[in-house]
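Right, one structure below, let's go through it.
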Amino acid sequence: MKLVIQRVKRASVSIDGQVYSQIQEGLLLLVGVGPEDDQKDLEYAVRKVTQMRIFSDEEGKMNLSVKDIQGEILSVSQFTLFAQTKKGNRPAFIGAANPEMASQLYDDFNDLLEKEVPVKRGIFAAEMAIELINDGPVTIILNTKNP
């Protein structure tokens with residue numbers, strides 16, 4: 001799995017011009033699933049996302065997790081994280097899992113996340129518009145195949 005983790009003051013996903021999901025302070029996750037991902041990848045990603053200390057404490061140091069601040073997560077599927085760009089100018093997405101597998105693992109990942117923190121989602125494979133106010137900015141890239 002590949003994830004882009006963004007600390008946000010707020011974020012939303014809209015579909016067909018209508019807000020579908022939104023959160024206040026927390027994390028926006030862009031989630032890509034690869035063909036070799038499995039339950040171990042999901043569990044590792046959930047542990048890292050929910051325990052990563054990237055929120056500021058009272059002294060301004062990044063010592064708090066999304067759980068510590070009682071924040072929310074907005075999770076959006078993003079197969080383009082597996083773009084291959086070495087050849088030519090048009091990215092190839094053959095490195096992403098097939099849609100059936102990716103959809104199931106994306107749902108399983110979010111179900112595991114929901115056991116830890118409140119989670120809102122986009123719709124898998126939908127055309128979505130994402131709005132966010134990045135806090136910091138803090139943006140982290142997580143690859144479960146390179147822990």
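The structure displayed is predicted, hence computed values, not measured ones.
- For residues 89-100, no residue pair satisfies the salt bridge (Lys or Arg N to Asp or Glu O under 4.0 Å) rule, not counting sequence neighbours.
- In terms of heavy-atom proximity, Pro35 sits nearest to Gly95 at CD-O, 3.0 Å.
- Between Leu112 and Gln39 there is a side-chain heavy-atom pair separated by less than 4.5 Å.
- Applying the side-chain contact (heavy atoms from CB on, under 4.5 Å) test to Gln104 and every residue at least two apart in sequence or in another chain returns Asp108.
- For the atom pair CG of Leu142 and CG of Leu81, the computed distance is 11.0 Å after rounding to the nearest 0.5 Å.
- Listed here is the closest heavy atom pair of Met1 and Ala45: SD-CB, 4.3 Å.
- Without hydrogens or angle criteria, Ser14 side chain to Gly17 main chain gives no donor-acceptor distance under 3.5 Å.
- Between Tyr44 and Thr144, the closest heavy-atom pair is CD2-CG2, 3.7 Å.
- Side-chain contact between Val4 and Leu29: absent, with no pair of heavy atoms (C-beta onward) separated by less than 4.5 Å.
- The hydrophobic clustering, which links ILVMFWY residues whose side-chain heavy atoms are closer than 4.5 Å, places Val19 and Ile23 apart.
- Not a single side chain to side chain donor-acceptor pair (under 3.5 Å) links Glu131 to another residue, sequence neighbours left out.
- The closest side-chain heavy-atom distance from Leu28 to Val76 is below 4.5 Å.
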Step-by-step side-chain contact (heavy atoms from CB on, under 4.5 Å) determination, Gln6 to Leu132: CA-CA 9 Å; Gln6 294 182 297; Leu132 68 136; 3.8 Å; yes

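- The side-chain hydrogen bond (donor to acceptor under 3.5 Å, both in side chains) pairs that include a residue from residues 73-88 are Ser75-Asn110, Gln78-Thr80, where partners are two or more places apart or lie in different chains.
- Residues Leu64 and Arg53 fail the side-chain proximity criterion, which asks for heavy atoms closer than 4.5 Å.
- For the side-chain hydrogen bond (donor to acceptor under 3.5 Å, both in side chains) condition, no pair includes a residue of residues 19-28, sequence neighbours left out.
- Nearest heavy-atom pair, Leu42 versus Phe109, reported as atom, atom and distance to 0.1 Å: CD2-CB, 3.7 Å.
- When side chains are defined from C-beta on, Leu113 counts as touching Thr50, because their heavy atoms get closer than 4.5 Å.
- Note on residues 109-118: pairs passing salt bridge (Lys or Arg N to Asp or Glu O under 4.0 Å), not counting sequence neighbours, are Lys67-Glu116, Asp111-Arg121, Glu114-Arg121.
- In the displayed structure, Ile141 atom CD1 is contacted under 6.0 Å by at most 12 heavy atoms of other residues, nucleotides or ligands.
- Between Phe55 and Val138 there is no side-chain heavy-atom pair separated by less than 4.5 Å.
- Contacts classified as salt bridge (Lys or Arg N to Asp or Glu O under 4.0 Å) and involving residues 138-147 (residues at least two apart or in different chains) are given here: Asp37-Lys145, Asp41-Lys145.
- At least one donor-acceptor pair closer than 3.5 Å links the side chain of Asp57 to the backbone N or O of Gly60.
- Under a hydrophobic-cluster definition in which Ile, Leu, Val, Met, Phe, Trp and Tyr are linked whenever side-chain heavy atoms come within less than 4.5 Å, directly or via other members, Leu30 and Leu105 are assigned to different clusters.
- Ile73 and Ile54 fall within the same hydrophobic cluster, defined by Ile, Leu, Val, Met, Phe, Trp and Tyr side-chain heavy atoms under 4.5 Å apart, directly or through other members.
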Original post:
Does the pair Glu43 and Lys48 meet the rule for a side-chain contact (heavy atoms from CB on, under 4.5 Å), with working shown?
Top reply: CA-CA 9 Å; Glu43 292 168 1; Lys48 292 301 277 187; over 6 Å; no

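- Taking both residues in full, the closest heavy atoms of Gly122 and Met128 are given as CA-SD, 3.7 Å, listed atom of the first, atom of the second, then distance.
- Nearest heavy atom pair, residue Gly71 against residue Val117, reads O-CB, 4.2 Å.
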*asked:* Pair Ile5, Val49 - check side-chain contact (heavy atoms from CB on, under 4.5 Å), show working.
replied: CA-CA 8 Å; Ile5 303 164; Val49 166; 4.0 Å; yes

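- Considering only heavy atoms from C-beta on, Ile140 comes within 4.5 Å of Met52 through its side chain.
- Judged as a ring pair (Phe, Tyr, Trp, His ring centres under 6.0 Å), and not counting sequence neighbours, the contacts of Phe79 are Phe93.
- Not counting sequence neighbours, Ser12 has no partner by the side chain to side chain donor-acceptor pair (under 3.5 Å) test.
- Enclosure of atom CG in Asp16 is not indicated, since only 12 or fewer non-hydrogen atoms of other residues, nucleotides or ligands lie within 6.0 angstrom.
- Neither Phe82 nor Leu3 shares a network with the other; the hydrophobic side chains, linked directly or stepwise wherever heavy atoms of I, L, V, M, F, W or Y lie under 4.5 Å apart, form separate groups for each.
- With sequence neighbours left out, Ile133 forms a side-chain contact (heavy atoms from CB on, under 4.5 Å) with Lys9, Arg10.
- With sequence neighbours left out, Ala125 forms a side-chain contact (heavy atoms from CB on, under 4.5 Å) with no residue at all.
- Hydrophobic clustering (ILVMFWY, side-chain heavy atoms < 4.5 Å, transitive): Met62 and Val66 are in one cluster.
- In this structure, the side chains of Leu27 and Leu74 stay at 4.5 Å or more apart for every pair of heavy atoms.
- Scored by the side chain to side chain donor-acceptor pair (under 3.5 Å) test, Asp38 finds no partners at all (sequence neighbours excluded).
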